[in-house]
Every structure is written in structure tokens, then in C-alpha cells.
Trainee: 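Structure provided below as C-alpha cells; questions to follow.
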2 protein chains.
Amino acid sequence: MTISAARPRQGEPLSGETRLMLRAAQLYYRLNLTQDQVGERLGVSRFKVGRLLDRALRESAVRIEIVHPAARLVELEDALTHRFGLRGAVVVDVASTGSAPDDELLARERVAGAAAAHLASLRPTGAIGVSWGRTMLELAAHLRPGWTAATEIVQLNGATSRSARPTRAHEIVERFGATTGAAIRLMAAPAIVGSPELRDALEEDPSVGETLAAARAAATAVFSMGVLGPDSVHVASGYLNDADLAALEDSGAVGDVLGRFLSLNGRVALPSLDRRTIGLPLEELGAKALTVALAAGAGRGPIALAALRAGCVTVFVADETTAAWVLDHA
Amino acid sequence: MTISAARPRQGEPLSGETRLMLRAAQLYYRLNLTQDQVGERLGVSRFKVGRLLDRALRESAVRIEIVHPAARLVELEDALTHRFGLRGAVVVDVASTGSAPDDELLARERVAGAAAAHLASLRPTGAIGVSWGRTMLELAAHLRPGWTAATEIVQLNGATSRSARPTRAHEIVERFGATTGAAIRLMAAPAIVGSPELRDALEEDPSVGETLAAARAAATAVFSMGVLGPDSVHVASGYLNDADLAALEDSGAVGDVLGRFLSLNGRVALPSLDRRTIGLPLEELGAKALTVALAAGAGRGPIALAALRAGCVTVFVADETTAAWVLDHA
DNA sequence: GATCGTCATGCTCAAATGTGCAGGTTGCTG
DNA sequence: CAGCAACCTGCACATTTGAGCATGACGATC
């Protein structure tokens, strides 16, 4: 080794500037000193400290991450809200139990609970329309007395069952009424009847027509989504026979909202069936100021996406799996 | 399932407040909105946003970490500075080559380079004392012309070799002089002589004495550390015979600073040998305003710790391994 | 059912931080 | 070595943020 001149450095491992930057970052972010204090310790002006910290952030020498386990849910909520132009979205996580049926139950419970809480925070007033189904039943059970004041609770679609499996729609409406102090209005009709003519006749009869008018007038609607399949409530309740089911499947239907079966693009899948369905039409649902839609459990993704595309949702409440599915396929 | 009343929630998965907190964190930290803007979007006051972010930080829902690869080095520097009351510390990383001798070389190169740069940033003036050794030679080679202005460069301890292996102390002093425009003052004496009497006689002779006086007067000193062992420069240069080496090892010496061998506690290990050593005594070194100590390469940990404990270091420059060893054993 | 304590809220004011700009320095080029 | 350009620095000023405090709502307690 002969002393000659400073040889070129192969890879300056750490310039003084970088060292300074990191020291500033440590003092500022770890010790929570002010930029002024950091500058004093490092012998530079506070302006330089600010610029150093700027650089550290830009070069991502410091990383700020949100580590809360629920952060993912909030991200999904924001993505849904933005993607579908919603007024809000609530996504809940469902700890897996290992058993699919239990997960289903748990998802319903969580989504219903979250929906109840969110509804309470929205404090809708006036008339509130409600649908029925297992998730709605669960939601009704979660409503806390006095969660809001409403003048009237209206059943949005037909439900009287002709089979062994009752829809329990009246329990739901009653619970909504009991917890808000509102009058209730039931819809004394089946969800789906045999012919369009019978549907029209029933809807014109005051017994159904008045409720339907009230449903139209309500500014708020709360409903859940149904899947299509042999275990669907509509099949279990006897509204759909095998031929209907087959026709629906052929038409690309993925599930229903207020008894209206939709295909993935958000359109009514089978108009002939839709004309036999008693309750608020989809367009009227979409015209409301506030509609809260619940989707809980595996397989709800497609109908949730369909409903969102149909534009009849302003607040969407779902479990994480469903929310992720919707965003993946949107 | 019977509707009765809201059942107690087993584990509210996500309170609205937490949801709000996370959303605020996302908007604030990811989108860089102001607290005011976040508040507007979330429909809360900016004060609440501030408190929400506070909570997020306290509950460590957001984590701020410094991820730069060199952050560790800066941490070591701060720890050393604080632990030993230094004016500063510089720690460099040494990419392992896989071969121990190459690592040694590389470590010296990096430490010397960093020391040269740091010295330049300190811009010491007046008289500067320097020691010799392989690391000092490397440091000298890294000095850039005009790195500072000095009046005089003084050799701090004896070095003239009586063996085949030259110490090249004069090259070091000359390079320091050439790059600063300073006059130079060499010490025409061996590092260690045979008897205290001869040492005293030499130090009183003007040829050595005047340099020693200048060494005492210098406000700044730059030196490196030597390890004890058969491959030590002092053995190679012929200053120490086997008996000396054995006595040193018995006394617990771990290495030398300016030819003064220290034990781990920072004291002179073998006073009888110290009295035969020509150069600036340790106490005088510790009294200087600025002393820059270099420690590079495996096995320098113990002598580095000893020197730090001896209180003769104000700026410490070392490789990562040595720095970590020192902090581990301090 | 009245009272007290606790807690969250929003305010004012001070501290901290970011921004655009003018002056100065460095290093490059002809 | 002059001229130029890019860059860095520090400053005044506007914006943003934090701290302490008064107020009001809610729930608990006696």
C-alpha cells in the first residue's frame, strides 16, 4: 500500500447526509422531539431537519403503517363506498369456527349486529320499510329499544307462507315497531303467486295495496339478500317450485332482493317471475333516500354485487368474505 | 331463535369509534390529508380527529418504523455516544466477503474512509497529533487535499523500526501534512526501549523531547488501536520480545493505544513496560479537546472498550462488529 | 329522583410545521 | 478563470397541530 491520493470510494456506504437523516428520524419519530430540538442536537437548522424528514419519508426510510387487525375491514369499506358510490359501508370480520354451518350462523350474527349498531347511528326517522329472512330476523333481535324514533314500520314485500316453514316476517316488523315506538304495517300476501293477474289483483286490494303504498312512501328501507338454490328460503317457504327454480337458474339469476331475482349484472333475471312477485319494485327501492342492505354468509357475493349494480343500495353491510368477493369481481 | 331482546354481544368486533379511528388514520397517514380535511370527510371536528390519531398512536394501531438498512448503525452510534459520553461516534457496516483476511482489510478501508470524512467535517485546526499503524496508514491515504487547515502535524509516539517491517509512521505524518498544508514533526525514537532510564534519556533529548512537547500541546489527536498477539505490529516491528509478550498476556492486556498496553478495565496493564514506552502518556491524551479513535477489524472489541473506559476517546470510529461487541460488554 | 363524578366535546391560544423566496455556495464548462 | 447553473440554506409568513380549559351530557350512587 503506497500513499498516493484518496482512491475512489467503491460504494460510499453511508453519506453523512444519510446518517444525519436517520439520526433525525430516530430523534423525531422515536423520541418525539420537535424538529427544533432535533436541529439543536444535530447542529442544524429546523428547516434542514424538516427537509431531512421529508426525504426520509419520500425515500421510505421511515414507514408508517396501520397495523390494527381491523384496518383491512376499513379499507374494504372505503373501497366499496367509493366503487359503488355508497353513502357508507360496514364490513365485519368473522372468526372462522372451522365448521361451515357455524360460520354461516356467526356471519349472520355479526353482520346483523353491525347493521343494528350502524342503523342506530344513522337514526332514520319517519317510515322505515323492512324485508324478511334469517338475517333480518337476527337484525331485529339486535335492535336496542329506543335505537331511533320512527313513525311507521312497513313490510316491503309479501311473506305469508303456505308451507311448514314460516317466514316470521311479522316478528321482524313487530320488533322494529316495538323498539322504535312506531306503528306497524304488515303485508298480508305471499311473496310470489301463480300469475301476474293474481299479483295485480292482490296489490290492488286495499289489504295489500295500502301497505304497498306505505312502502313506496317510506324514505328508508332495510333488507337482506337471498341466495338461489334448493335451500333458499323461497323454496323452503314453498313460493318456488322446481320448474321456477330451473327457469331461474337458466336465466342466470344469482339471488333475490325483496323476492326479486337478479342476474349478476343487476337486472331482473326472469321478468315473467318478477311480474308474479308481490312487494316494492326494484326501481322504487333504488329511489329511496336511504337503503341499508345486508349480505351475510358464504355465497352472498354474487347477489350482493347484483344488488349494488342495480343501484338499490346506499349503505352496504357485509362480512369480510362477501365484501372481498364483491370487490374482486366488480 | 326467538326475538326477545338484544342479547349481550360476545365480543363487539369493532366499535364505531375504532372504525372511525382507523379511517382517520388511513386518511391522515396514507392520503396525507390535514386533520381538518379528515374531520370534514368523517363528519367530526378536527379536535376529535386529533384525539383519534392520538389514540391510534398510543394503542399502536399505527406503527412508525425506521426501515433504512443503515438505521442500525446510527442506533449503535447513538448508544456509544451516550454510553461513553462521547462527542460523536461513527459506525460503518462491512459487507462480509466470506474470507476473514479480506474482511479485515475491508473493515480497515471502511473505517479509515469514514474517519477521514468525519475528520473533514470536524475541521480541526492548530496542531494535530497522529499515531501510526495499518489503519492510520489507510486513513492517511483517504485524506483529501485541503480537508482542513492545520499548523502542525505531530507524531504522538515512537515508531522507528529496528526490524524488517517498517512502521511507515513518517508516511502517515507526511500525508497529513501534505493534505493540510501544515509543517510536520516526526518522533525519531522507537516505540518501546529496553529500560525506563533509556526512555527518560531519549525523551529528554531535544530530538525527541521537542516533538513530545508539541504532542502535548496539540489540541487534537488521531489514533488507532492495536491488538495484542503474535501478529501485533509491535511484535512484528521488533519492539516486544517473547518475554514481554508473555508478561503482557499475564497482566491481562488486551491491546495498545499509542504503544501503551491496556487491560479491559482501561488501566495500563503493565506499568513496568509502560515506563519503557516512548510517546504521549495516556493521561495527556485524555486531556485533549478532541481525540479521534479508530477501531477496525475482528478482535478490536476489547482494546476499544479499554480505550473508551480509559476516557481518552471523544470521537469513536469503528466497524459494526466492534461497535456491537463494545456495547454488549460495556 | 336529585346530585355528583366522569367523560367527551369544542374552544382559545401557543407551539410546531410546511412553503415560497432570496441570497449564497459549489462545481462544472467553455 | 470567468460565467453559469444547480443546489443548498435560512428566513418570513401561513398553515397545521397540540395543550389546557370551560361546558354539557351521561351514568352511577345514595
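Letters A, B, ... are given to chains in the order of the sequence lines, protein chains preceding strands, and every chain is numbered from 1.
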Trainee: Between atom CG in Leu42(B) and atom P in dT9(C), what is the gap in whole Å?
Mentor: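 In whole Å, dT9(C) P and Leu42(B) CG are 13 Å from each other.
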
Trainee: Just by protein heavy atoms under 4.0 Å, how would nucleotides 13-28 of chain D read 5' to 3' in B, S and -?
Mentor: B--SBBBB--------

Trainee: Expressed in angstrom and rounded to an integer, what is the separation of Met21(B) atom CE from dA8(C) atom P?
Mentor: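 Interatomic distance, CE of Met21(B) to P of dA8(C): 14 Å.
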
Trainee: So, using side-chain hydrogen bond (donor to acceptor under 3.5 Å, both in side chains) as the criterion, who are the partners of Arg23(B) when residues are at least two apart?
Mentor: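 With sequence neighbours excluded, Arg23(B) shows a side-chain hydrogen bond (donor to acceptor under 3.5 Å, both in side chains) to Glu77(A), Asp78(A), given in chain and number order.
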
Trainee: Could you tell me which residues satisfy side-chain hydrogen bond (donor to acceptor under 3.5 Å, both in side chains) with Glu59(B), sequence neighbours excluded, listed by chain and number?
Mentor: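 Here the qualifying residues are Arg55(B).
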
Trainee: Please name all residues satisfying side-chain hydrogen bond (donor to acceptor under 3.5 Å, both in side chains) with Glu320(A), sequence neighbours left out, ordered by chain then number.
Mentor: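 Scan of Glu320(A) (side-chain hydrogen bond (donor to acceptor under 3.5 Å, both in side chains), adjacent residues dropped) gives Arg72(A).
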
Trainee: Please list all pairs passing the salt bridge (Lys or Arg N to Asp or Glu O under 4.0 Å) test where one or both residues lie in residues 28-40 of chain A, with sequence neighbours left out.
Mentor: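 Salt bridge (Lys or Arg N to Asp or Glu O under 4.0 Å) check on residues 28-40 of chain A returns no pairs.
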
Trainee: For Lys48(A), what residues pass the salt bridge (Lys or Arg N to Asp or Glu O under 4.0 Å) criterion, not counting sequence neighbours?
Mentor: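 Glu17(A).
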
Trainee: Counting only side-chain N and O atoms of Ser45(A), is one of them less than 4.0 Å from OP1 or OP2 of dG10(D)?
Mentor: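 Checking dG10(D) against Ser45(A), a side-chain N or O does come within under 4.0 Å of OP1 or OP2.
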
Trainee: Once ring-ring contact (aromatic ring centres under 6.0 Å, His included) is applied, what residue pairs with a partner in residues 116-137 of chain B remain, sequence neighbours excluded?
Mentor: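 Qualifying pairs: Trp132(B)-His234(B).
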
Trainee: Hey, does Arg175(A) have a side-chain heavy atom less than 4.5 Å from the side chain of Ile172(A)?
Mentor: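 Answer no - side chains too far apart.
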
Trainee: With pairs defined as Watson-Crick or G-U wobble and both distances under 3.5 angstrom, please note down DNA chain D as a dot-bracket string, | for pairing with another strand.
Mentor: ||||||||||||||||||||||||||||||

Trainee: Could you tell me which residues satisfy side chain to side chain contact (heavy atoms under 4.5 Å, CB included) with Phe84(B), sequence neighbours excluded, listed by chain and number?
Mentor: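 With neighbours one apart ignored, the set is Leu80(B), Leu86(B), Leu305(B), Leu308(B), Val326(B), Ala330(B).
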
Trainee: What pairs with Ala318(B) under side chain to side chain contact (heavy atoms under 4.5 Å, CB included), at least two apart in sequence or on another chain?
Mentor: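 For Ala318(B) the side chain to side chain contact (heavy atoms under 4.5 Å, CB included) partners, ignoring immediate neighbours, are Ala295(B), Phe316(B), Thr322(B).
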
Trainee: Among all residues two or more places apart in sequence or in another chain, which pass the side-chain hydrogen bond (donor to acceptor under 3.5 Å, both in side chains) test with Glu152(A)?
Mentor: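 Glu152(A) satisfies side-chain hydrogen bond (donor to acceptor under 3.5 Å, both in side chains) with Arg185(A) only.
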
Trainee: Could you run down the sub-3.5 Å N/O contacts of the protein with nucleotides 23-29 of chain C?
Mentor:
none

Trainee: Using whole Å, what does the distance between atom P of nucleotide dG18(C) and atom CG of Leu57(A) come to?
Mentor: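 From Leu57(A) CG to dG18(C) P: 9 Å.
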
